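Since the structure comes first, as structure tokens, the remarks are kept for the end.
Keep in mind it's a predicted model, so treat the numbers as computed, not measured. Worth knowing before you read on, the calculation uses all heavy atoms, side chains too, and leaves out hydrogens, waters and symmetry mates.
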Amino acid sequence: MKLSARLAVPAAALVLAGLTATACAPQTSDTSAENDEKSGTLRVWLFQEVSNGPKQKVVDRAVDAFRARHEGTDVEIEYIPVETRAQKIKAAFNDPKSAPDLIEYGNTDTAGYVEDGGLADITEEFGGWPDAEDTDPTAKQSVTVDGKVYGAPLFVGVRALYYRTDVFEDLGLKPPKTQAELVATAKRIRAEKPELYGLAVGGAYTYGAMPFIWAHGGELAEESGGTYTSAIDSPAARKGIKAYTSLFGDDNCPAAKCAEMGGNDTVTAFASGKAGMAIGGDFSHAAVEAGTVKGKYAVVPLPGVRAGEIAPAFAGGNNLGVLKSSSHRTLAVDLMKELAGKKTQGELFDAMGFLPTYTDVRETAAEKEPFIEPFIKTLAAGAKAAPASPGWAQIDSSLVLPTMFQEVVSGRKDVAAASGDAAEKMNDAFGAAR
Amino acid sequence: MSGTTAAARRTGGWTPWLYLAPALVVLGGLLVYPIYQLGLISFLEYTQAQVSGGEPTTFKGLGNYATLFEDPQFWQVLLATVVFAAACVLATLSLGCALAVLLTRVRAVPRLALMMAALGAWATPAITGSTVWVFLFDPDFGPVNQVLGLGDHSWTYGRYSAFALVLLEVVWCSFPFVMVTVYAGIRAIPGEVLEAASLDGASQWRIWRSVMAPMLRPILVVVTIQSVIWDFKIFTQIYVMTNGGGIAGQNLVLNVYAYQKAFASSQYSLGSAIGVVMLVILLAVTLVYLRLLRRQGEEI
């Protein structure tokens, strides 16, 4: 005890000295730009795709065209890994000095990045850009927060129903026309071929589950006067949740395995021939082609509740945005227009299969590549975006919806209780973000 | 003789501090300052928007702690963490001690084999170990299910079976430390004492309980505290083996929960509050444990 008393005084003195000597508040960085230089080096971060070569070629071509127009300007492109993009981009916001001028980002992050003060408002430049007139409304909505534009859409991604043509032929099945038929078809496949999942679903596959909620007339959240309120526990949304979770079970996709699966797992299961159907995106095409089911599958839009309807898909995709901290704003906006312009998007489709965000470019693409037709039909039927609230990023990353689905699927809670809890968590996040 | 030491103590009272100063400065910088920042952030509203300057940082008082303590999930996670850590510590210590005793009783070759196996487990990075364990127990491709004939039984679906799986991995990668340390301790016990005990007809268990354990006490204290701290702070195994906390968050422990709050959803201030709570709990556990030992008249 004596020793500790003798230790305590100098230790306390040391702590006090430390407190007074160092800055007392955690850091806050200033992301506002001071000037707008007309020459120098522009730094760009783009996402590193699974096979990045073709993307790089298209980007290099666009950058060369940009350089030719701006003498004395250099462009440095860095491809960042998709898995760690959130940390990298946050770090860029925190340290404007080493931040890039232009970034690619997922469209569900728009509102969050704007709230963080990271993206520059380019409403004026976007309005005066001829290409932008043909941007489809859903894509435009994905760069808009409170009526202001914070970037240019680069490509869109939607999901549709992949199915095994050989299995369907074997069992004499036809592609389902309604969601009820979809469930019946899935169970029939499982009953006849127990080694397959009927329709591969995942408890953590939020984007695959959303169309079920929307098809039943439900919404994730409703906006009024700039604030969002969760609608996940409305009767219509609950019907959708019930429909999706009814697919988990030994008669289609056993909960013990499927509750944990995410989107990639279901696509992998389909590609390796372990499922009769799966909900996959246009961007999953390459993965499925590389699997054992190559040449034995087809794609149709995911059916809605009534025959002839298409379930609204989640409008995913990426945007390009100029950072607020950029010291080359004019140049960066110009490069953004080059990279997200009609010409580059057309080339990106040819090289990577990314769906263009311009309606006219998309039509030309569909003529060249019939594979994407069901995806374009899905888009034309009206795809939906995630709520444009900064709270959405938090809802997404704290796994509110996967938790809800998993609670129902594993039998911990019924649909009403699970959706009620999820709604409460969502409202907390929306409220905190205001 | 006694006069001179008293004088030295009077005049040179600050001398030891002078020698300790460099170490204390480093400790202060590396330990006190981060803890101070952790505590400070836990009293602020500090999310990504505040870090990157989108919104001003505001003082929230005990707001973060209130949010935390009102969240029923926090209490559930805390309980799970305490029970899980206790189970891990018990299992690690008993296995480690048992194997240490075994090491002293086998010949050189099996001893070497056991040592190498344990060191191999010890040297495996947690993330690699966890990935391999998950693969071993994979419902579709894992050899364990094939050997046991369990079909496609999923080990990570049930809450307890998932925790049990993680426990196995944790014990596997942390028993070598206990084993090696305790083995070294046993080697240092004079042979005559053990010989005397066995001449008196004491059983193996009796020798361990009445001779070895008391003599190994300081070592056991250290490995216990170490294990408590390690197992309470477990992160990698849960994060990798249960995909970030299990189905509907059923396998969350405090550290993973803090990570989900602080980094995945950028609520740095709430994450800091969880960190402070963990720090307080661990300090309390350690102090109470040391106190108990001291009361029993043992100086360590």
Inset, instruction - Name the region of Q267(B), side chain, backbone, both or neither, that has any atom closer than 4.5 Å to a heavy atom of chain A. - result: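 When you check distances to chain A, only side chain atoms of Q267(B) fall under 4.5 Å.
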Inset, instruction - Measure A204(A) against the heavy atoms of chain B and call it side chain, backbone, both or neither at under 4.5 Å. - result: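 Contact with chain B: none, neither part.
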Legend entry - Interchain contact, A256(A) with chain B, by part (heavy-atom threshold 4.5 Å):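 Both backbone and side chain.
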Legend entry - Flag if over 12 foreign heavy atoms under 6.0 Å of NZ, K242(A):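 12 or below, so no.
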Legend entry - Between S398(A), A255(A), P402(A), the one whose heavy-atom pairs under 4.5 Å with chain B are most numerous: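 Winner by heavy-atom pair count: A255(A).
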Legend entry - Top contributor to chain B contacts, counting heavy-atom pairs under 4.5 Å, from T403(A), V114(A), D116(A):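 Heavy-atom pair counts peak at D116(A).
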Parallel, tilted or perpendicular for [X] and [Y], by the 30°/60° rule?
X: Y259(B); Y: Y239(B); value: perpendicular
X: F93(A); Y: Y113(A); value: perpendicular
X: W155(B); Y: H153(B); value: perpendicular

Inset, instruction - Taking the six-membered ring for Trp and the full ring for Phe, Tyr or His, determine whether the centres of F270(A) and Y197(A) are under 6.0 Å apart. - result: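 Ring centres of Y197(A) and F270(A) not closer than 6.0 Å.
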